[in-house]
Amino acid sequence: MGMSQDNLRGFILALLSSVFIGASFIIKKKGLRRAAAVSGVRAGYGGYAYLLEPLWWLGMVTMIVGEVANFVAYAFAPAILVTPLGALSIIVSAILAHFMLKEKLHQLGVLGCIMCISGSVIIVIHAPQESPITSVQEIWAMATQPAFLLYLGSVIVLVVLLILHFAPRCGHTNVLVFTGICSLMGSLSVMSVKALGTALKLTFEGKNQLVYLETWFFMFIVATCVIIQMNYLNKALDTFNTAVVSPIYYVMFTSLTIIASVIMFKVSMHLYPLHCLPDSSVVTVKL
């Protein structure tokens with residue numbers, strides 16, 4: 001299947017985004033370690049000394065550059081194409097963690113990375129063409145359909161439960177707690193980023209979408225989700241090895257984003273056999 005010009009632009013931007021985001025995990029991790037050594041209070045236990053650490057901010061800038069590229073990619077290509085390409089960020093972070101953080105990448109990890117890339121390539125090859133969207137109000141109509149509202153409500157309940165009940169009790173012993181919060185909020189942020197990116201794209205094409213309240217609401221959702229994601233991602237990175245956090249976060253985040261995309265945008269999944277989806281192909285990495 002050929003790839004449209006918009007899909008190709010989204011593909012290239014998503015690849016660049018993954019490189020920057022993968023590198024940012026390592027830089028931020030080193031910044032978190034340095035801040036903890038100076039202050040004595042780790043981010044995983046509520047410390048915020050990393051906000052005074054230049055290396056952590058360098059990691060944040062690197063991540064922001066990657067997220068901006070990712071943001072623009074969502075404006076051109078469907079989420080089901082852009083999100084799986086985050087597999088590359090796992091490869092980048094795994095390699096850099098091996099050399100810079102001395103977190104060893106074992107044979108199972110290498111095999112998992114290979115399978116991760118294979119699954120993502122299959123999804124990219126079969127990425128569907130996205131139906132053209134003419135206004136942000138169309139996306140708002142999709143976001144307020146009963147099926148997506150049910151998904152939204154479920155995510156909010158799970159996030160609140162994880163933050164209030166599970167995080168204080170087992171957040172520092174079970175990697176799924178912090179990464180689960182990040183992934184659940186991430187699936188909502190991707191949908192909002194897709195909406196906001198499309199709105200800005202249409203605005204630049206001469207169809208002003210900034211006059212609609214829906215555009216600003218999506219912007220608020222993006223900001224809220226990103227703040228929560230960053231907070232708990234810092235906790236996860238500070239508590240567990242990058243080689244563990246990165247693949248598990250990718251698996252959960254990608255799986256939830258595909259589910260949210262299918263519900264909200266009615267993207268057809270019949271081209272993707274179960275064994276080709278990224279969530280099944282990366283599982284080996286976290287063993």
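Only a predicted model underlies this, so the values are computations on that prediction, with no experimental measurement involved.
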Over 60° means perpendicular and under 30° means parallel, so classify the ring planes of Y232 and F178, tilted if in between.
tilted
Could you check whether atom CG of L213 has more than 12 heavy atoms from other residues, nucleotides or ligands sitting under 6.0 Å from it?
no
Using side-chain contact (heavy atoms from CB on, under 4.5 Å) as the criterion, point out the one residue from V262, L256, I156 that pairs with Y151.
L256
Ignoring hydrogens and angles, state whether a donor on the side chain of Y249 or Q229 is under 3.5 Å from an acceptor on the partner side chain.
yes
I'd like to know whether CZ of F20 has more than 12 heavy-atom contacts from other residues, nucleotides or ligands below 6.0 angstrom.
no
Ring centres under 6.0 Å, that's the criterion: do F217 and W140 meet it?
yes
What closest approach, in Å, do A167 and I163 show between heavy atoms, and which atom pair accounts for it?
CB-O, 3.6 Å
With rounding to the nearest 0.5 Å, note down the distance linking OG1 in T257 to CE in M252.
11.0 Å
Are V65 and V92 linked, directly or through other ILVMFWY residues, by side chains that come within less than 4.5 angstrom of each other?
no
Of all the heavy-atom pairs spanning A143 and M264, show the shortest one and how long it is.
CB-CE, 3.7 Å
Considering non-hydrogen atoms only, spot the tightest contact between S93 and F25 and give its length.
CB-CB, 4.3 Å
Classify the ring geometry between W56 and Y50 as parallel (under 30°), tilted (30 to 60°) or perpendicular (over 60°).
tilted
Closest approach of Q209 to T215 (non-hydrogen atoms, all atoms of both residues):
O-OG1, 2.7 Å
Partner of E67 under side-chain contact (heavy atoms from CB on, under 4.5 Å), chosen from I21, V193, V226:
I21
When clusters are formed by joining ILVMFWY residues with side-chain heavy atoms under 4.5 Å apart, either directly or through shared neighbours, do W57 and V68 land in the same one?
yes
Might you point out which heavy atoms bring N234 and L32 nearest each other, and give the distance in Å?
O-CD1, 3.8 Å
Closest heavy-atom pair and its distance - F148, L188:
CZ-CD2, 4.5 Å
